[in-house]
Amino acid sequence: MDATNMSKIRVLMFPWLAYSHIQSFLELAKKLSKRNFYIYLCSTPANLAHIKVKEPSIQLVELLLPSTPELPPHHHTTKGLPRHLLSNLMKALDFSSCSFSEILTRLKPDLLISDFLQPWAPAKALTLNIPTVQFMVSGAMPYCHLLNILKKSGTALPLRSNYIHERVYDSDSLTLGDRPLLCLEGSSNVMLIRSFRELEGKYIDELSVQAMKKIVLVGPLVQDPSEEENEKTEIIEWLNKKNPSSVLFVSFGSECYLSKEDKEELAHGILLSNVSFIWVLRFPQGEKISAEEALPEGITGEKGLIIEGWAPQKRILSHPSIGGFLSHCGWASIMESMKFGVPIVAMPMHVDQPSNAKLLEEVGIGLKIKREPSGKIEREEVAKVVREAMLEEPGGPVRRKSRELSDGMKDKGDEDIGEVVKELVKLCGLEANGYV
Ligand SMILES: C[C@@H]1O[C@H](OP(=O)(O)OP(=O)(O)OC[C@H]2O[C@@H](n3ccc(=O)[nH]c3=O)[C@H](O)[C@@H]2O)[C@H](O)[C@H](O)[C@H]1O
């Protein structure tokens with residue numbers, strides 16, 4: 001162990017292989033690295049290649065997955081992964097559990113902070129007497145729903161790793177209901193959650209009882225927009241020419257893709273709404289087509305800007321010209337939208353997104369695009385909801401509530417981190433050493 005981190009609490013962080021999970025862990029690592037922690041952030045080379053770390057107390061650790069013809073190294077990430085390869089990626093991660101054990105044995109950290117799709121990680125750490133904390137990067141509400149499903153099915157907690165394996169691989173839909181995400185065997189009775197009381201207090205309390213865990217909140221963990229890479233400066237220049245709160249931002253995260261029909265209806269709905277918009281157009285690796293082929297004729301022009309590939313989402317959401325965010329309601333996107341006071345037009349797709357959208361409506365900061373019984377969206381519905389969210393007078397209910405919550409979040413996260421530090425120090429049995 002090198003001298004630089006002798007006096008620090010050494011933590012190995014092991015997020016699931018998704019961009020938004022790794023970013024959540026990285027934002028937590030940045031806060032902990034300022035509080036006497038030395039962090040090893042472990043993921044695949046395909047994920048770590050996109051991570052720029054300037055903190056000397058954060059070290060990236062590569063985990064090599066077995067490669068196969070259908071899952072070469074550049075597919076060892078969910079960012080841009082074709083959906084049909086997701087269960088292959090989960091299996092490949094499982095086959096790397098021995099390599100992970102070697103990392104654990106070599107580093108001998110004081111603590112492991114792990115995610116939900118590596119059920120074997122806490123159990124491995126336990127054999128080396130290394131305590132584990134689970135870090136759930138989504139909100140508490142979807143997990144409450146999931147635990148209700150598990151309880152009704154008579155499933156005992158904590159969930160044994162083989163239970164997780166069976167359910168995750170058996171279900172090709174991989175909806176939240178099929179992915180038991182909690183209470184892994186071997187993890188401690190403390191669970192970190194990326195949330196805050198003002199948003200989902202009652203669900204946090206319910207989850208604590210249901211999961212039999214002490215829930216410790218880490219706050220919204222939103223990356224500072226100034227730290228976000230900004231190769232596409234033309235986007236901010238385009239926004240600077242627009243009126244305040246006049247532009248709709250359209251983006252569906254790092255791993256969700258619209259069907260051709262949804263893209264078509266959404267495009268016509270946005271045209272019907274007559275608002276200016278920025279649309280991030282993304283495709284799974286190997287399936288990219290041009291914006292002209294993907295979208296109906298006449299969608300761009302002075303009112304619309306199409307960004308192909310990846311956009312600086314935090315920079316865009318924090319721009320004063322943005323007045324609404326049409327989103328799939330991934331948890332990180334919700335945290336960011338709230339942080340910058342932008343109302344959400346919800347178009348959830350799968351996993352926890354439908355319950356995230358329900359939470360937004362409950363709290364009053366989001367309006368949902370209703371799908372037809374067939375599951376399709378209609379352009380008239382899109383136009384109606386977008387106009388309601390965007391064109392209400394600035395003091396309108398959704399915008400006002402979004403601003404209120406954003407103001408309440410301004411310093412969110414700093415006081416939470418004190419509580420997090422206290423719990424982690426206790427878990428490592430190091431409180432006597434005067435760590436604060
Ligand atoms: C936790 C879980 O992770 C998944 O992540 P996914 O990437 O889909 O969406 P987000 O959580 O919004 O995360 C997406 C992240 O990518 C960033 N981004 C995305 C596109 C882009 O062009 N530029 C960017 O910077 C964005 O700022 C956010 O931080 C599932 O949704 C799931 O529902 C969610 O709860």
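As the structure lists them, so they are numbered: ligands from 1, and atoms in each ligand from 1.
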Subject >> Protein heavy atom at shortest distance from atom 11 (O) of ligand 1 >> reply: Ala332 N, 3.1 Å
**OP:** Give a yes/no verdict on whether any heavy atom in His350 is under 4.0 Å from an atom of ligand 1.
**Re:** no
Subject >> Output field: ring centroids Phe14/His21 closer than 6.0 Å >> reply: no
Original post:
Can you find a non-hydrogen atom of Ser138 under 4.0 Å from ligand 1?
Top reply: yes
**OP:** Around atom 12 (O) of ligand 1, find the nearest protein heavy atom and jot down its residue, atom name and distance.
**Re:** Ser333 OG, 2.5 Å
Subject >> Identity and separation of the nearest protein heavy atom to atom 26 (C) of ligand 1 >> reply: Gln313 NE2, 3.3 Å
Original post:
Which atoms of ligand 1 have any heavy atom of Gln353 under 4.0 Å away?
Top reply: 30 (C), 31 (O), 32 (C), 33 (O)
Subject >> Backbone N/O of Ile344 and side chain of Ser337: donor-acceptor pair under 3.5 Å >> reply: no
Original post:
Which protein heavy atom lies closest to atom 13 (O) of ligand 1, and at what distance to 0.1 Å?
Top reply: Ser20 CB, 3.2 Å
Original post:
Side chain of Arg194, backbone of Pro220: donor and acceptor closer than 3.5 Å?
Top reply: yes
**OP:** Could you give me the CA-CA distance, side-chain angles and deciding distance for Val222 and Glu27, then say whether side-chain contact (heavy atoms from CB on, under 4.5 Å) is met?
**Re:** CA-CA 7 Å; Val222 172; Glu27 289 306 310; over 6 Å; no
Subject >> For atom 32 (C) of ligand 1, the protein heavy atom that lies nearest, with its residue and separation >> reply: Asp352 OD1, 3.2 Å
**OP:** State, without any angle test, whether Asp205 and Ser208 hold a side-chain donor-acceptor pair at a distance under 3.5 Å.
**Re:** no
Subject >> Shortest protein heavy-atom distance from atom 23 (N) of ligand 1, along with the residue and atom involved >> reply: Ala311 O, 2.7 Å
Original post:
Taking the six-membered ring of Trp238 as reference, does the NZ or CZ atom of Lys241 fall below 6.0 Å from its centre and within a 45° cone about the axis?
Top reply: no
Original post:
In the protein, which heavy atom is nearest to atom 7 (O) of ligand 1, and how far is it?
Top reply: Ser254 OG, 2.5 Å
Original post:
Within 45° of the six-membered ring axis of Trp279 and under 6.0 Å from that ring's centre, is NZ or CZ of Lys263 located there?
Top reply: no
Original post:
Does any donor atom in the side chain of Asp94 or Trp120 lie under 3.5 Å from an acceptor atom in the other side chain?
Top reply: yes
**OP:** For atom CD of Glu297, decide whether the heavy atoms of other residues, nucleotides or ligands shown that lie under 6.0 angstrom number more than 12.
**Re:** no
Subject >> Heteroatom proximity flag, Arg282 to ligand 1, N/O under 3.5 Å >> reply: no
Original post:
Applying a strict 4.0 Å limit to heavy atoms, is His328 in contact with ligand 1?
Top reply: yes
Subject >> Where ligand 1 meets Tyr19 - atom numbers and elements under 4.0 angstrom, heavy-atom basis >> reply: 15 (C), 16 (O), 17 (C)
Original post:
What residues, two or more places apart in sequence or in another chain, satisfy side chain to side chain donor-acceptor pair (under 3.5 Å) together with Lys376?
Top reply: none
Original post:
What atoms of ligand 1 come closer than 4.0 angstrom to any heavy atom of Glu228?
Top reply: 25 (O)
Original post:
Which bit of Lys314 gets closer than 4.0 Å to ligand 1, counting heavy atoms only: side chain, backbone, both or neither?
Top reply: side chain
Original post:
Atoms of ligand 1 less than 4.0 Å from Val280 heavy atoms?
Top reply: 22 (O)
**OP:** Would you please determine whether Gln23 falls within less than 4.0 Å of ligand 1 on a heavy-atom basis?
**Re:** no
Subject >> Identity and distance of the protein heavy atom lying nearest atom 19 (C) of ligand 1 >> reply: Trp310 CH2, 3.4 Å
Subject >> Of all pairs that satisfy salt bridge (Lys or Arg N to Asp or Glu O under 4.0 Å), the ones with a partner from residues 353-369, not counting sequence neighbours >> reply: Lys202-Glu362, Lys358-Glu362
